[in-house]
Amino acid sequence: MFWCRYVTWDEPAAMDRVHQVIAEGADGCKLHRSIPMEKAMNNIVIAYAQNGEAIRPEQGYPLRLVVPGWEGNTHVKWLRRIKAVDQPYMGREETSKYTDLMPDGKARQFTFVMEAKSVITFPSGRDKLPGPGFYEITGLAWSGRGLIESVEVSIDGGQSWQEAQFQEPRHPVALTRFRLPWRWEGQEVTLRSRCTDETGYVQPSREALIEARGLNTRYHYNGITAWKVSSDGSVQNAYA
Ligand SMILES: Nc1nc2c(c(=O)[nH]1)N[C@H]1C(S)=C(S)[C@@H](COP(=O)(O)O)O[C@H]1N2
Ligand SMILES: [Mo]
């Protein structure tokens, strides 16, 4: 039931009609995704190596796509074919999956970009602080739209926010380490981080995101994470 036209290169002006490339994997399901030409020509990697060695079988050996800033599902592993076509393929991974069902019953489609997100990695769920004293809050922030511009941390349940420091250098669309010194007096507190990227996009609260998109979708969940530190030092997800 594929109704997109393949573009053959010997046709005159074929290039004008190439709007998408279809990347297909060699696994049993032949996982495939449509990638708009603009992205394909601009900011995409066909990777054969990682960390100085051939990419490992579970990472897509011998070749995989890396599509910076876009949802993991587009990073097709065991790449065996790239087709040029004039419209999206409407394969399983962009219709039945990787669409976002909204509360009104409509679905967002081709929501490729992963929007800005951050998480505190210390202290975080299941850590146990040995007692009151000095700690360094640290975590990671990233944005599919580019550079992380700032990260704020709240130690009072989201009422006030303090600017965290970055571990430089920062790179666009890459994990960015942030840190904030913190003295824990031993009382119950809730820790949150909130990042802003270079486009001015601010990571939303969980409540705001659920209000906007409902509860039917989670592929692009980037709400603020809250860690509750109890007076005995144990740490757990405040929303759990
Ligand atoms: N061929 C193929 N590529 C694939 C998949 C797959 O099932 N088959 N899974 C995708 C999904 S859903 C994700 S999240 C990423 C995971 O990549 P990683 O194992 O390097 O984290 O691979 C993507 N590429
Ligand atoms: Mo995934």
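We number each residue from 1, following the sequence as shown. Ligands are counted one by one from 1 in listed order, and the atoms in each one are counted from 1 as well. Every heavy atom of this structure was used, including side-chain atoms; hydrogens, water molecules and symmetry mates were not. Model, not experiment: these values are computed from the prediction.
Short contacts between ligand 1 and Trp78, defined as distances under 4.0 Å to a heavy atom of the residue, involve ligand atoms 1 (N), 2 (C), 8 (N). Ligand 1 places these atoms under 4.0 Å from at least one heavy atom of Tyr98: 12 (S).
Between the side chains of Tyr221 and Asp100, no donor N or O sits under 3.5 Å from an acceptor N or O.
For atom 23 (C) of ligand 1, the closest heavy atom belonging to the protein is Gly72 O, 3.4 Å. Atom 24 (N) of ligand 1 has as its closest protein heavy atom His75 O, 3.0 Å. Leu31 CD1, 4.2 Å is the protein heavy atom nearest to atom 9 (N) of ligand 1. Nearest protein heavy-atom contact of atom 11 (C) of ligand 1 is Asn73 CA, 3.7 Å.
For Arg64, a nitrogen or oxygen atom sits less than 3.5 Å from a nitrogen or oxygen atom of ligand 1, counting backbone and side chain alike. Residue Gln59 has at least one nitrogen or oxygen atom sitting less than 3.5 Å from a nitrogen or oxygen atom of ligand 1, judged on distance alone. In terms of N/O distances under 3.5 Å, ligand 1 is approached by Asp27.
A cation-pi arrangement is not found for Arg177 relative to Phe166, the charged atom failing to lie both closer than 6.0 Å to the ring centre and inside a 45° cone about the ring normal. Geometrically, Arg183 does not engage Tyr135 in a cation-pi contact, judged by NZ or CZ lying under 6.0 Å from the ring centre and within 45° of the ring axis. A cation-pi arrangement, defined by a distance under 6.0 Å to the six-membered ring centre and an angle within 45 degrees of its axis, is absent between Arg64 and Trp78.
Around the CD atom of Gln59, the shell of radius 6.0 Å holds more than 12 heavy atoms that belong to other residues, nucleotides or ligands. By the neighbour-count criterion of 12 heavy atoms within 6.0 Å, atom CD of Gln187 is densely surrounded, having more than that number from other residues, nucleotides or ligands.
With His220 as the fixed residue, the side chain to side chain donor-acceptor pair (under 3.5 Å) test singles out one of Arg108, Glu71, Arg213: Glu71.
Both the backbone and the side chain of Lys77 come within 4.0 Å of ligand 1, judged by heavy-atom distances.
At least one protein heavy atom sits closer than 4.0 Å to atom 17 (O) of ligand 1.
Within the 4.0 Å heavy-atom shell around ligand 1 one does not find Tyr219.
The existence of a salt bridge linking Arg33 and Glu94 is confirmed by a sub-4.0 Å separation between a basic side-chain nitrogen and an acidic carboxylate oxygen.
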